[in-house]
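Down below is the structure, laid out as C-alpha cells.
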Amino acid sequence: MSASSLLDLAGIGCGPFTLSVAAHLDRLPEVSAAFFDRRTTFSWHPGMMLPGVELQNSYLKDLVSAADPTNPWSFLSYLVSQKRFYAFLNCEFDAVYRKETAGYFKWVANGLRSLNFGHDVQEVRFEDGAFTLRMTTPDGSSVSRRSRSLSVGVGTTPWAPDCTRRHLGPTCIHASQIALNPGILSARRIAIIGGGQSGCEVFQALLNREMTAEDEVVWISRRPTFEPIDASPFTNEYFSPTYSDLFHGLPAARKGEKLAQQKLASDGASLSTLKAIYRRLYELKHLDGHPVRLRLLPNRTLTAMDHTNGQYRLHTDNAFDGGTDIFTADVVILATGYHTIMPECLAPLADRIRRTDSGQYRLNRDYSVEWDGPAANRLFALNASRHSHGIVDPQLSIAAWRSAEIVNALLGRKHFDLTLPPSMVEWASTQSAALQIAAE
C-alpha cells in the first residue's frame, strides 16, 4: 500500500483495543487500514509489572475470541506458538499473570503488519471528504495519510488529586510508573493513596520486601474498607454486550447513578490479593513479631499535601468519625486511577465533535463519535465510552465484541453475527426505551 493511497481506516494509538480492531481487520484484506503510535515499540503498562500481579479477566476474553474464535490472534494461539499450551493448563490459573497478558499483546503487535510504531500524529483535519493525518516518522520526516474513517485509541491518562499535582516528581509518582522507578519502593517511609487494585498491588509488593524497624507504610483510601471486586455471576452480566447495549439507551443522569452503584464490579481489589495481604500481615505481626509499622487507613480523604524538610505531610479527613489526621512520608505513590482526555492532535476537529456537559465524547451505539461531518466518515473512540456504554468499557471483557461492532459499522454490513439471546437477568422494563434501542 502506497503512502498516497486512501485508507478505509486510520487509527491513532496502538494499545490493546486498537490491536483488537487490527486483528479483526487482518482477516479482511479488502479493507485498507493502518494504525499509528508515537512509541517506537509496543508496551502495555510497563510501569505496573510487579511480581505476581494478576489480570482480573478470563483469558478467553482476549482480543478476538468472543466474536471470532477461529482468528489466529487468539490467546490460545499465542500459547501454542510459545510451546506452553499444556504447561499453562497444568498451572490451573484462577487468573492470568499480567506479564503473560503483556506477552500476548506483544506477540500480536509484532505480527500485525498494519501497525506503525514511531509515527507521532501531530494533527488531524477533515479535508476534501477524508481525514488527513499529519505525522512525523522514525527518521524525523513529515508525512500525511488520508482515510475515510478514523479510530482513536490513545488510552487513558493517569489522574492525580489536585493537591498532589505540584509535587509530582522523583518521590511522588503515579502507580503506573512504579516498575520504571524500582528504587522508589526501597524508601523507608511510604504513603500509598488509593484503595483499589493498584493500591493493593503496591502494598503487597512492599510487604514482600525485606522489612526493618525503620519502615513505615501508610495506606490511605477513601473507601470504607479495603473491598474486593464483585465478580459474582450476576454482577458479571454488567460485562456482557447485552447489558452494554441496554445501558447505552439510558438517560445520562441514570447512567451516572448506575456507574456509582457498580463501582466494586470493576474497581475492587482481587480477593486473592486481599487474602495474601491479610495473611502476610498476620505472619509479620503474630508469627514473626516484627516491629514494622504498617498502617491501613480507610475512610480517609486526602485534602492537602505539603513538602518540607524532605518529607511529605498528608492531611486527611476521616469519614468514619469526622476527625482529621496528618501522616508523614518520604515517598508518595498515587494509586488514584485514570481519566480520558481528547488527544491534542484532534484540536482542529474539536469544534466539530459533540461532547457531553463533562467534556466526554457523545457516542453512538457503534462507538462512533457524534460530529458534524458526513455520516459516511466515522470517528470511532476506543476506551472512551464508560459514561455511555457502562463500566465494561475500560476492561478487556468485551474488547473483541466492541471491535467487531466497529468493523461491522466500518463495512456497512454485518460481517460478524453479533446477535445474542436475552440475558438471564431482565434488566429493562418491557416498555423501556433502552430495551427498544437494544432490540434494533
Would you call R280 and E283 a salt bridge, using N to O less than 4.0 angstrom? yes
Run the numbers on F88 and V96 for side-chain contact (heavy atoms from CB on, under 4.5 Å), then give the verdict. CA-CA 9 Å; F88 178 86; V96 179; 3.9 Å; yes
Would a 4.5 Å heavy-atom cut-off, applied to side chains only, mark R209 and L206 as touching? yes
Does anything in residues 301-314 pair up under salt bridge (Lys or Arg N to Asp or Glu O under 4.0 Å), and if so which pairs, sequence neighbours excluded? D306-R313
ring-ring contact (aromatic ring centres under 6.0 Å, His included) partner of F75, the single match among F93, Y59, W107, F105: Y59
Classify the ring geometry of Y243 against Y238: parallel below 30°, tilted from 30° to 60°, perpendicular beyond 60°. tilted
For the CD atom on E344, are there more than 12 heavy atoms of other groups (residues, nucleotides or ligands in this structure) within a distance under 6.0 Å? no
Could you tell me whether R295 sits above the aromatic face of F327, with NZ or CZ closer than 6.0 angstrom to the six-membered ring centre and within 45 degrees of the axis? no
Do R125 and R134 have side chains that approach each other closer than 4.5 Å (heavy atoms only, starting at C-beta)? yes
Not counting sequence neighbours, which residues clear salt bridge (charged side-chain N to carboxylate O under 4.0 Å, His left out) with D230? List them please. none
Could you give the distance from OG1 (T328) to OH (Y312), rounded to the nearest 0.5 Å? 13.0 Å
Pair K263 + E227: basic N to acidic O under 4.0 Å: no
Interatomic distance, M48 atom CE to E201 atom CD [nearest 0.5 angstrom]: 4.5 Å
Measuring from atom NE2 of H119 to atom CZ of F35, what distance do you get when rounded to the nearest 0.5 angstrom? 14.0 Å
Taken to the nearest 0.5 Å, the spacing of D317 CG from D321 CG works out to 10.5 Å
Once the angle between the rings of F131 and F126 is folded into 0 to 90°, is it parallel (under 30°), tilted (30 to 60°) or perpendicular (over 60°)? perpendicular
Is the NZ or CZ atom of R39 both under 6.0 Å from the centre of the six-membered ring of F42 and within 45° of that ring's axis? yes
Is there side-chain contact between L379 and L349, with at least one heavy-atom pair below 4.5 Å? yes
Is it the case that atom CZ in R189 sees more than 12 heavy atoms from other parts of the structure closer than 6.0 Å? yes
Salt-bridged, D120 to R38, with N to O below 4.0 Å? yes
Ring centroids only, cut at 6.0 angstrom: are Y367 and F17 within range, meaning strictly under it? no
